[in-house]
Number of protein chains: 2
Amino acid sequence: MASEQNSTRIQKRNRATILDAALDVFSQSGFNGATVNQIATSAGLSKPNLLYYYPSKEAIFTALLSELLDVWLAPLRALDPQGEPIEEILTYVRRKLEMSRDMPRESRLFANEIVQGAPRLNDTLSIDLRKLVDDTVIILDNWMKQGKIAQTHPKHLLFSIWSLTQHYADFEVQVRALMSPQDPMDGAQEFLDDLYRNLLRPKG
Amino acid sequence: MASEQNSTRIQKRNRATILDAALDVFSQSGFNGATVNQIATSAGLSKPNLLYYYPSKEAIFTALLSELLDVWLAPLRALDPQGEPIEEILTYVRRKLEMSRDMPRESRLFANEIVQGAPRLNDTLSIDLRKLVDDTVIILDNWMKQGKIAQTHPKHLLFSIWSLTQHYADFEVQVRALMSPQDPMDGAQEFLDDLYRNLLRPKG
DNA sequence: GTCACATTTGACCATATGGTCAAAGTAACG
DNA sequence: CGTTACTTTGACCATATGGTCAAATGTGAC
């Protein structure tokens, strides 16, 4: 009879199991392609049992998205205006690349949703992410003004980091097919380091 | 009773209409999310009529993919080993960027499919595309050996061009949300030109 | 143990889906 | 006009899907 933060060990365990199963299924098939049954089976629960914890497929999806958004954007928030600019940016790139390696499901979850028009994410994009990006642009602009990094388009710079790093998760099948028998990400970090050092190095 | 290349004006028109409608629907919802009814309605046909021209949803999809693959890969095939290396590559980048602007549905069609593991495209990736990429890598390697472009990882270079350019089509909703009120691709070409000139310029 | 509450489930429902089929309508062509 | 082949459709089917519900089972506190 507590207010809302009821825990109940079993609930905690099952909700976590469900979200992990949902991440598997949604990231592989997208919202439309995924079925409640797949998620339930993958979580080791019956369908009605699943729907006892989350009232609908959509509820699972939004719970998953909101749970992941923070961790997904954390590396960008960690950009330190006081740090050494080029190293700060390269650190960000490396973290994003690590996330593509270690959390490919999360990356594909967002990719699926955004490619299909982000119908369940539009507010997040145009409000929260927008705010974060605007803040970051200010930092980048300052670095450019101070001559710490070369002049370039700050937003396109961010887009490029996202697309280049997430590519290894989102298009993994393709990258793997073309890189095999090597590891798909073999040499990726060196390449990106090189790319951004050349772009950002202040020019005489 | 002709062999197989029967035309029948009506067939040609309807097959084209269907594929265009299918491109709309599949690129927006992916294979699983799309329904035969949506495609039929969008094509102005009844469902049984649609299935008279293509025997199944899968048949529409594969017909669409195989029709588009050539045009999609054409810019890469156009890379000229005899041309001026940096300009050749920049031309390729520009063409890909134009395709993201002019053919975003095609880009998203492939993106959807690949993100979801390319279950209906795996052979194409590991055979045809692989061959094309291997050929291109030889060209790039030669240019590097001759000192015409800086040393870099040829495959990751290709991946980077794909991801950077297709990003503007595949993640258009996100880019638009973050660029508005400006045009989503405003400044993109200059940014990419700059990026690749800095990367590829031969270093002392 | 027992009682209240949390959890789980089989059976069920309305709707959507991919696909079929026989019959009706339309072109083409002599 | 009549015949043949092409095109279109309403009705239909089996299956899958998201979701509900009442009843059964488990669990923790006393």
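By convention in this document, chain letters (A, B, ...) are assigned in the order of the sequence lines, proteins followed by strands, and residues within each chain are numbered from 1.
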Q: Which pairs with one or both residues in residues 60-111 of chain B pass ring-ring contact (aromatic ring centres under 6.0 Å, His included), sequence neighbours excluded?
A: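 Every pair satisfying ring-ring contact (aromatic ring centres under 6.0 Å, His included) with a residue in residues 60-111 of chain B: B:Phe26-B:Phe61, B:Phe31-B:Phe61, B:Trp72-B:Phe110.
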Q: Please determine whether a side-chain nitrogen or oxygen atom of A:Asn14 lies at a distance below 4.0 Å from atom OP1 or OP2 of C:dT8.
A: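 So the side-chain polar atoms of A:Asn14 do come within 4.0 Å of the phosphate oxygens OP1 or OP2 of C:dT8, strictly under.
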Q: Is A:Ser46 near enough to C:dT9 that one of its side-chain N or O atoms lies under 4.0 angstrom from OP1 or OP2?
A: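 Answer yes for this pair, as a side-chain N or O of A:Ser46 is under 4.0 Å from OP1 or OP2.
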Q: Generate the contact string for nucleotides 15-30 of chain C. Rules: B means base contact, S means sugar-phosphate contact only, - means no protein heavy atom under 4.0 Å.
A: --SBBBB------S--
Q: Check whether any side-chain nitrogen or oxygen of B:Gln11 sits under 4.0 Å from OP1 or OP2 of D:dC6, and answer yes or no.
A: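 No, B:Gln11 has no side-chain N/O under 4.0 Å of OP1/OP2 on D:dC6.
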Q: Taking side chain to side chain contact (heavy atoms under 4.5 Å, CB included) as the definition, give me every residue that meets it alongside B:Glu67, ordered by chain and number, with sequence neighbours left out.
A: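 For B:Glu67, the residues satisfying side chain to side chain contact (heavy atoms under 4.5 Å, CB included) (neighbours in sequence not counted) are B:Leu19, B:Leu64.
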Q: Assess the residue pair B:Leu158 and B:Leu76 against the criterion (side-chain contact (heavy atoms from CB on, under 4.5 Å)); give the C-alpha distance rounded to whole Å, side-chain angles, the decisive distance to 0.1 Å, and a yes or no.
A: CA-CA 10 Å; B:Leu158 281 179; B:Leu76 185 52; 4.0 Å; yes
Q: In whole Å, I'd like the distance from the CG atom of B:Leu45 to the P atom of D:dT9.
A: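 Taking atom P of D:dT9 as the reference, CG of B:Leu45 is at 7 Å.
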Q: Closer than 4.0 angstrom, basic N to acidic O: yes or no for B:Arg197 and B:Glu87?
A: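 Looking at B:Arg197 and B:Glu87, the cut-off is met.
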Q: Just to confirm, is there a sub-4.0 Å distance from OP1 or OP2 of C:dT8 to any side-chain nitrogen or oxygen of A:Tyr52?
A: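 Answer is no, no contact under 4.0 Å.
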Q: When you check the phosphate oxygens OP1 and OP2 of C:dT7, does a side-chain N or O of A:Asn49 lie under 4.0 Å from one of them?
A: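 So the side chain of A:Asn49 is outside the cut-off, no N or O lying under 4.0 Å from OP1 or OP2 of C:dT7.
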Q: B:Ser107 and side-chain hydrogen bond (donor to acceptor under 3.5 Å, both in side chains): which single residue from B:Asp102, B:Asn112, B:Asp170 fits?
A: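 Single pass found, and it is B:Asp170.
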Q: Roughly how many Å is it from OH in A:Tyr54 to C1' in C:dT7, rounded to a whole number?
A: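 Rounded to whole Å, this separation is 16 Å.
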Q: Report the C-alpha separation of B:Asp20 and B:Arg105 in whole Å, then their side-chain angles, then the decisive distance to 0.1 Å, and conclude whether the salt bridge (charged side-chain N to carboxylate O under 4.0 Å, His left out) test is met.
A: CA-CA 10 Å; B:Asp20 190 71; B:Arg105 295 179 305 169; 3.2 Å; yes
